[in-house]
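Comments concern the structure below.
Sequence lines set the chain letters: A, B, ... in the order given, protein chains first and strands last, and positions in each chain run from 1. Values in this document were obtained by computation on a predicted structure and should not be read as measured data.
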Amino acid sequence: MPELPEVETIRIGLAKLLPGQVIADVWHDWQKSFPNAPADVARFMLGAKIESVRRRAKVLIIELSSGYSLVIHLKMTGQLIFVGEADKKDRESRIENPESEKLNSQFPIPNSSEAELRFGGGHPTKSLIGELPDKSTRVVLDFTDGSKLFFNDQRKFGWMRLIPTLEVPEIDFMKKVGPEPLEDDFTVDKFITNILRRRQSAIKAVLLDQTVLAGVGNIYADESLWAAKIHPSTPVSKVSKTKLVTLYSALRDVLNLSIEKGGSTDKNYVNAEGKKGSYLTFAQVFRKEGQPCPRCGHEIVKIRVAGRGTHICPKCQKVPK
DNA sequence: CACTTGACCTGTCCGC
DNA sequence: TGCGGACAGGTCAAGT
């Protein structure tokens, strides 16, 4: 369930690793990837150099020197994992050294770049180490220096497409998606104007609408609504201006905090919680049902809003009358 | 047009 | 122990 902060964390990791890499081979076994263009894969990917890694909303854009870009949506369970030459040697030496392998099996510690790239990706309940490719691997890019980029996606909701770079802004998703909530020009006035386009909807449904603003998913909708003390079912028209201003700040704070954590706690995450997932360690309400509200101590409950599992403190977030 | 619900997937967890 | 079914959630298509 990568949302904006997770995708941004992955982008930061990939932006350090990929530019300059030259694609030597491409493997994929999944018709949703490159659905119409096996010939284009060869023509516009093989030998192409990676120029940059960008993000728009929850979409990653890997720009190639061929004039094409790989456009990737991880949806819920997608992962992008870079394995460099150094990583492979490190693993080989571990296998040759029984003592270190024993250590490894008790407490798997991937190298930091891999851990960072895993952050926010799917498989939140699984161990984060394993041989690649595995059965969820959909695409593998081989680079000329021997390193590889794996695109894994357990549930096949995600996609990776090869699109001419100049046409990327023209695809349906890019044309419809709303403003980036962390951009400087995303003012509180713009936020409120966009939100009010859907007066009758539940406020949570509006936050999740990618055409209203980009990048917010279930986790950060719940977290920001809790922070602003707004019940997620409240129709937009019944949320006061004051609360909307608070929500604007809360949303940006929560997104920024999460990006900050994503960039700094990756090793800790894998060490301590390889089987739990990290982006929840600093959540206040998301998946905390049954636990006390960090603000008032009342029990957090899980309800259903806009067809989504929704976590609230019923004392802090009153049902609208 | 505004808004809600279901489909796409597969792995996991819960109850019987 | 196995089995069925509910559930997880981002986005789009189809529904009301």
Side-chain angles (χ1 to χ4, degrees), chain A residues 1-8 10 28-33 35 55-60 71-80 118 120-128 130 133-139 151-161 171-178 180-181 193-225 232-239 255 258 274-280 283 285-290 301-311 320:
Chain A
M1 58 203 76
E3 303 183 21
L4 189 152
E6 288 76 32
V7 179
E8 178 63 14
I10 292 166
H28 70 98
D29 75 338
W30 185 27
Q31 59 181 5
K32 277 170 87 174
S33 311
R55 178 189 63 77
R56 175 74 171 102
K58 300 171 193 169
V59 171
L60 286 165
V71 181
I72 305 161
H73 200 310
L74 300 172
K75 291 289 181 84
M76 258 96 66
T77 54
Q79 300 178 317
L80 284 170
R118 292 267 188 165
H123 298 282
T125 62
K126 276 198 163 182
S127 169
L128 291 182
D134 62 27
K135 64 181 176 178
S136 74
T137 299
R138 312 298 168 198
V139 180
F151 176 40
N152 290 353
D153 185 19
Q154 190 176 86
R155 285 167 70 181
K156 301 185 180 180
F157 281 25
W159 43 261
M160 174 184 282
R161 287 175 199 153
I171 66 176
D172 285 350
F173 181 90
M174 293 298 175
K175 282 200 287 194
K176 287 193 291 188
V177 74
E180 290 287 329
T193 303
N194 279 10
I195 290 280
L196 288 176
R197 276 173 29 208
R198 292 183 52 182
R199 303 185 59 79
Q200 299 312 311
S201 291
I203 182 75
K204 175 163 178 177
V206 181
L207 288 180
L208 294 175
D209 183 342
Q210 300 299 296
T211 70
V212 171
L213 74 164
V216 176
N218 214 30
I219 297 168
Y220 300 100
D222 281 7
E223 290 295 312
S224 60
L225 287 166
S233 302
T234 316
V236 163
S237 60
K238 293 195 176 178
V239 182
L255 294 173
S258 181
K275 293 181 180 172
K276 284 170 94 181
S278 82
Y279 39 85
L280 302 183
V285 287
F286 193 80
R287 293 201 184 146
K288 303 282 184 187
E289 61 266 35
V301 299
K302 185 172 179 181
I303 60 176
R304 215 160 173 83
V305 177
R308 294 273 179 274
T310 298
H311 310 77

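For the pair Phe151(A) and Leu74(A), the minimum side-chain heavy-atom distance is below 4.5 Å. Side chains of Pro235(A) and Ile203(A) form no contact here, defined as non-hydrogen atoms less than 4.5 Å apart. Using a 4.5 Å heavy-atom cutoff, the side chains of Val71(A) and Met160(A) are not in contact. Within the 4.5 Å cutoff, side-chain heavy atoms of His311(A) are placed close to those of Glu289(A). Looking at Leu208(A) and Arg308(A), their side chains come closer than 4.5 Å, going by heavy atoms from C-beta outward.
Evaluation of atom-type donor-acceptor distances gives a pair under 3.5 Å for the side chain of Arg308(A) against the base of dT11(C).
Across the P atoms, dA6(C) and dG6(B) are found 13 Å apart, a figure rounded to whole Å. Using P as the reference atom, dC3(C) and dC9(B) are 25 Å apart when rounded to the nearest Å. If you take atom P in dT11(C) and the same atom in dG11(B), they sit 22 Å apart, rounded to whole Å.
Closest to the side chain of Phe157(A), out of dT4(B), dC12(C), dC8(B), is dC8(B).
Residue Arg197(A) contributes atom CZ, which lies 13 Å from atom C1' of dC3(B) at whole-angstrom precision. Glu289(A) has its CD atom 12 Å from the C1' atom of dA8(C), to the nearest Å. For the pair Arg56(A) CZ and dG10(C) C1', the computed distance is 16 Å after rounding to whole Å. The distance between atom CZ of Phe286(A) and atom P of dC7(C), rounded to the nearest whole Å, is 15 Å. Atom P of nucleotide dG11(B) and atom CD of Gln79(A) are separated by 13 Å, given to the nearest angstrom. Rounded to whole Å, the distance from CZ on Arg161(A) to P on dT11(C) is 12 Å. The NZ atom of Lys156(A) sits 16 Å away from the C1' atom of dA7(B) (whole-angstrom rounding). A straight line from CG of Asp172(A) to C1' of dG10(C) spans 16 Å, rounded to a whole angstrom.
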Practice task
Walk me through it: do Arg55(A) and Glu180(A) pass the test salt bridge (Lys or Arg N to Asp or Glu O under 4.0 Å)?
Solution key: CA-CA 10 Å; Arg55(A) 178 189 63 77; Glu180(A) 290 287 329; 3.0 Å; yes
Problem - salt bridge (Lys or Arg N to Asp or Glu O under 4.0 Å) between Asp209(A) and Arg197(A), worked out - result: CA-CA 11 Å; Asp209(A) 183 342; Arg197(A) 276 173 29 208; 5.4 Å; no
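For dA8(C), the OP1/OP2 oxygens have a side-chain nitrogen or oxygen of Arg304(A) closer than 4.0 Å. The phosphate of dG11(B) has neither OP1 nor OP2 within less than 4.0 Å of any side-chain N or O from Gln154(A). Look at His73(A) and you won't find any side-chain N or O under 4.0 angstrom from OP1 or OP2 of dG10(C). Contact check, Ser136(A) against dT10(B): no side-chain N or O comes under 4.0 Å of OP1 or OP2. Of the side-chain N and O atoms in Lys204(A), none sit less than 4.0 angstrom from OP1 or OP2 of dT4(B). At the phosphate of dT4(B), OP1 or OP2 sits under 4.0 Å from a side-chain N or O atom of Arg198(A). Applying the 4.0 Å criterion to OP1 and OP2 of dT11(C), one finds that Lys58(A) has a side-chain N or O inside that range.
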Practice task
Using a 3.5 Å limit on both pairing distances, list the dot-bracket string of DNA chain B from the 5' end; Watson-Crick and G-U wobble pairs count, crossing pairs take [ ], interstrand pairs take |.
Solution key: .|||||||.|||||||
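Classification of the Phe173(A)-His73(A) ring pair by plane angle, with boundaries at 30° and 60°, yields perpendicular.
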